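Computed from heavy atoms alone, side chains included, the values below leave out hydrogens, waters and symmetry copies. Chain A is the first sequence line, chain B the second, and so forth, proteins listed ahead of strands; every chain is numbered from 1. Everything numeric in this text was worked out from a predicted model, so none of it was measured.
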Amino acid sequence: ARARQPPPRGLPWRPGANERGVRPRPRRPWARVGQRGKQRQRRSPQPFMSAPSTSAAGAAGEAHAGPDAASAGDGGELVLELLEEDEDDEACDREEAQDGWFAASQQQHELQSAGAGEAGTEAGAGPSAADEPAWKDYATVFTNDKAGMGDNMVHSKEHVQRVVYEMSQGSPHFENERRKERAADERASRMEAHVRAATEQALQAARRRADAALTALELTRRSDRAWALFDMDQFFFAVHAQKDPKLHEVPVAVGGIGMISTANYAARRYGVRSAMPGFIAKKLCPQLTFVRSDFAEYSRVSKLFGEALRPFDPEGTAYQAGLDECYVDLKAASAARDETPAETCAAARAAIKAATGITVSAGLAPSRQLAKVASDLNKPDGQYVLPSNRGAVVACAR
DNA sequence: GCGGATCAC
DNA sequence: TATGGTGATCCGC
Ligand SMILES: Nc1ccn([C@H]2C[C@H](O)[C@@H](COP(=O)(O)OP(=O)(O)OP(=O)(O)O)O2)c(=O)n1
Ligand SMILES: [Mg+2]
C-alpha cells in the first residue's frame, strides 16, 4: 500500500466552476478525481460469477481481484465500498463493473415489461397476501430509519406507513411505485435463479474471488488522511429560521402542499420528511406550517459555508457536493495547527457556525464514503470520529 | 446529442 | 384534490 503512487492532489478549489462555484459532481465524484474529461474504457458486462476467462484478472498473484469480483449487486458491494480506499483506479473499475449483468441499466427494460403486465400478479408488489392489511407492504422511504428520528417520535413507523398508504393508494404516483416494485422483484428473481443454477464449483470460485478482493482492500486503508464530511443541519429550514428563530419550536416544513424539501426537527417527530407530499405531512401533523423555498438564499448561504472551510484546506482537497455538504481532508490543516483532526474538525464546525449562523454536523474517517456514513451518527450539531482500523470500520458498518 | 431513467440532496 | 427543483450520470439510439 505504501509503494503505490498517492492520488492526485492540489486541485484548485473551483476548477471550471459552475454558477454555484461548485465542481460538477459525478455519481461517485472521488472515483474520478483528477480524471475529469477523460473517458475511461468501458469493459463489456460480465455475468455474476462468470469464470475469469483469460483476462489478467485470473492471473496468479494478481492483487487486483478483477472487475467482476465485487459486482454481484447482492449487497456485498456495500461492505466492499466501505472497506476500500476510495480514490484510485481500482475503485473506479469496481464501480464500473457494477454496470454489468444485473445493473440498473437493465431496469429500464424491466420497467417497461413490468408496466405491461397486470398489476398485482407478482408477489410483493400487489395487494398483500392473506389477511395482512394492504398498507403493510407499501414500503416507502418514509418508513426507513433516519438518523435523529429514533426516540421521542410522536408516531410509530406503522402509523406513518398506514397514513402514507391511505393518502396515496389509487393515485398515478402510487401505481407507478407499484410498477417499479414489480420491476425490482423481477430483477431479484433473476438473480436468485442465477445463484440457484450455479454449480458448486462456480460458487467456490466466486467466494475465493470475494476473499481475495477483501484481502486486497484491507491493504488499501490509509491513515495519512483525515476525511471530514460536513453536513448542515436541517439546511433549507435553518436558512429560514435565521430570520425567525421561533420557527424552531413548532413543526415547520419547507415547501408546500404538493412537496416538502425538508422539515425541521419538531416536524420530523411526526414523520414529516424530505420528499414527502405536503398533504400527507398535514395528515401526520395537522398543526404543520409551511415556508416557501428560496433557492437564491440557500445558494448564498452555501457559498459562505464553503468559504468558511477554506482556511482548513491548504491543499485544496475540498469538494462541495450539493448545497449543504462538503468533503475536506483535514490532515494538512491539523498538522499545521498542531491539533488532532478531531479538534480541527470541531474548529471548522465552529467557523461554519460563525459564518452562516447554522449548526453543522461532521463525520471524520479514513475515506470519504466512511466520513459520509459517520456524519449522521451524532447529528445535529455533533461529530463522529471513526478511527482507521478494521475493527472500528466494521463495527460502524454494521 | 437526445430522451428515458435513476440517483442524491 | 394533491407527489418538486436542481444537478448529475448512464444507456440506447
Ligand atoms: N429529497 C430532498 C432532500 C433534500 N433536499 C434539500 C433540502 C435539505 O435541507 C437539503 C439538505 O439535505 P439533507 O439530507 O442534508 O437534509 P437536511 O440538511 O435538511 O437535514 P439534516 O439535518 O438531516 O442534514 O437538501 C431536497 O430538496 N429534496
Ligand atoms: Mg443536511
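What separates CD of Q320(A) from P of dT6(C) is a distance of 18 Å, to the nearest Å. When rounded to the nearest whole Å, the span between CZ of R292(A) and C1' of dG5(C) equals 12 Å. Atom-to-atom, CE of M276(A) to C1' of dG4(C) comes out at 15 Å; the value is rounded to the nearest Å. Distance CG (D233(A)) to P (dC9(B)): 15 Å, rounded to an integer number of Å. Look at CZ on R273(A): it is 18 Å from P on dG4(C), rounded to the nearest Å. Distance F236(A) CZ to dG7(C) P: 11 Å, rounded to the nearest Å. Rounded to a whole Å, the CE atom of M232(A) is 16 Å from the P atom of dC9(B). Rounding to whole angstrom units, CG of residue N176(A) and P of dT6(B) are separated by 8 Å.
Proximity note for M259(A) (side chain, C-beta onward) versus dT3(C), dA2(C), dC9(B): the nearest is dT3(C). Checked against dG5(C), dT3(C), dC9(B), the side chain of S168(A) finds its nearest nucleotide in dT3(C). Each of dT3(C), dA2(C), dG4(C) was ranked by its minimum atom distance to the side chain of I280(A); first place goes to dT3(C). Closest to the I257(A) side chain, of the nucleotides dA2(C), dC9(B), dT3(C), is dA2(C). Counting only heavy atoms from C-beta on, K180(A) has its side chain closest to dT6(B) among dT6(B), dA2(C), dG5(C). Minimum atom distance to the side chain of A275(A) is reached by dG4(C), of the listed dT6(B), dG4(C), dT3(C). Of the candidate nucleotides dG4(C), dC9(B), dT3(C), dC9(B) has the atom nearest to the side chain of K372(A).
Taking 4.0 angstrom as the limit, K283(A) places none of its side-chain polar atoms (N or O) nearer than this to OP1 or OP2 of dT3(C).
Taking the centre of each ring, H248(A) and Y265(A) stay at or above the 6.0 Å mark. For Y270(A) and H159(A), the ring centers are positioned 6.0 Å apart or more. Aromatic rings of F174(A) and Y165(A) (six-membered ring for Trp) have centroids within the 6.0 Å cut-off, being under it.
Nucleic acid contact for S261(A): base, since at least one base atom lies under 4.0 Å from a heavy atom of the residue. Residue S274(A) is classed as having no contact, given no heavy-atom separation below 4.0 Å to the nucleic acid.
Using bins of under 30°, 30° to 60° and over 60° for the plane-to-plane angle, the ring pair Y327(A)/Y319(A) lands in the tilted bin.
Residues R178(A) and E175(A) are not paired through a salt bridge, judged by the lack of any N-O separation under 4.0 Å between the basic side chain and the carboxylate.
Comparing dG4(C) with dA5(B), their P atoms are spaced 16 Å from each other, to the whole Å.
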